[in-house]
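Here is the structure we will look at, set down as structure tokens.
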Amino acid sequence: ADPNIYDVLMQILEEGEITLSNGKKISFRGKLIVITTNALRAEDITEDELNHQDQHQERIRALLCEAKSKDTGIALFRPEFIGRVDELYVYKDLDQGAALKSGLSL
């Protein structure tokens, strides 16, 4: 994503709303915002961390802050952004067997 998206997300996380260029305000109060990324994969953390993520949130946050773009080598997430995220979840990769059961092909 364009790096400017993080500025918009930070505004939403800090103020609970954004103002569009036409002056209209959009409130995000009481809303659930789901942000996804492939910057961290299940293989980047230990099995214990994957199975007990609630106990390892700080390590997962640190790993996300260390994540760098494969193309530019620039950090993907600023610590102040990750610090404003309430909960983080890492999902196991979809394996071939699960993909076939769901009708997908990998």
Side-chain angles (χ1 to χ4, degrees):
D2 186 297
N4 293 326
I5 191 66
Y6 297 112
D7 296 332
V8 173
L9 288 170
M10 283 292 288
Q11 182 181 0
I12 292 169
L13 294 172
E14 286 179 0
E15 300 171 17
E17 65 183 22
I18 58 171
T19 304
L20 302 179
S21 60
N22 63 5
K24 181 178 178 181
K25 291 188 181 223
I26 299 175
S27 175
F28 286 84
R29 296 187 195 285
K31 306 296 187 271
L32 174 68
I33 300 173
V34 177
I35 304 166
T36 63
T37 181
N38 61 356
L40 185 64
R41 300 166 303 182
E43 62 201 41
D44 295 331
I45 64 175
T46 67
E47 191 69 27
D48 182 59
E49 290 168 334
L50 189 61
N51 293 330
H52 302 97
Q53 292 185 39
D54 55 327
Q55 299 171 16
H56 298 283
Q57 286 287 297
E58 290 308 311
R59 167 123 162 87
I60 294 169
R61 288 176 191 281
L63 287 170
L64 281 171
C65 288
E66 294 169 5
K68 304 218 183 310
S69 167
K70 292 176 184 162
D71 297 329
T72 63
I74 297 173
L76 293 172
F77 304 103
R78 296 187 306 242
E80 58 270 20
F81 175 76
I82 295 297
R84 293 218 177 18
V85 175
D86 289 333
E87 296 184 39
L88 299 167
Y89 297 98
V90 179
Y91 294 95
K92 291 183 179 180
D93 291 335
L94 185 63
D95 64 18
Q96 187 70 29
L100 291 173
K101 286 179 189 176
S102 67
L104 299 173
S105 62
L106 296 179

So CZ of Arg61 and CG of Leu88: to nearest 0.5 Å the spacing works out to 4.5 Å
Can you list everything that forms a side-chain hydrogen bond (donor to acceptor under 3.5 Å, both in side chains) with Thr19? Sequence neighbours excluded, please. none
Report the hydrophobic cluster partners of Ile74, with the cluster defined as I, L, V, M, F, W, Y residues connected by side-chain heavy atoms closer than 4.5 angstrom, directly or transitively. none
Tyr91, Ile45: one ILVMFWY side-chain cluster at the under-4.5 Å cut-off? no
Strictly distance-based, threshold 3.5 Å: is any side-chain N or O of Gln53 a donor or acceptor partner for the main-chain N or O of Val90? yes
Residue pairs passing the ring-ring contact (aromatic ring centres under 6.0 Å, His included) test with at least one member in residues 36-78, sequence neighbours excluded, are Tyr6-Phe77
I'd like to check the side-chain hydrogen bond (donor to acceptor under 3.5 Å, both in side chains) partners of Gln57; sequence neighbours left out, ordered by chain and number. none
Only pairs at least two apart or in different chains count here, so list each salt bridge (charged side-chain N to carboxylate O under 4.0 Å, His left out) that has a residue in residues 20-39. Glu17-Lys25
Nearest heavy-atom contact between Ala39 and Leu64 is CB-CD2, 4.4 Å
How would you list, by chain and number, every residue that makes a side chain to side chain contact (heavy atoms under 4.5 Å, CB included) with Glu47, sequence neighbours excluded? Asn51, Lys92
Using 0.5 Å steps for rounding, measure from the CG atom of Asp44 to the CG atom of Leu63. 7.0 Å
Thr72 meets the side-chain hydrogen bond (donor to acceptor under 3.5 Å, both in side chains) criterion, sequence neighbours left out, with Ser69
Which atom pairs, donor and acceptor, lie under 3.5 Å between side-chain atoms of residues 78-87 and protein residues at least two apart or in another chain?
unit_1 : atom_1 : unit_2 : atom_2 : d
Arg78  : NE     : Glu80  : OE2    : 3.1
Arg78  : NH2    : Asp7   : OD1    : 3.3
Arg84  : NH1    : Glu80  : O      : 3.2
Arg84  : NH2    : Glu14  : OE2    : 3.1
Glu87  : OE1    : Tyr89  : OH     : 2.3

If the condition is side-chain hydrogen bond (donor to acceptor under 3.5 Å, both in side chains), which residues does Thr37 pass it with, not counting sequence neighbours? none
Side chains of Ile12 and Val8 in contact at under 4.5 Å (non-hydrogen atoms): yes
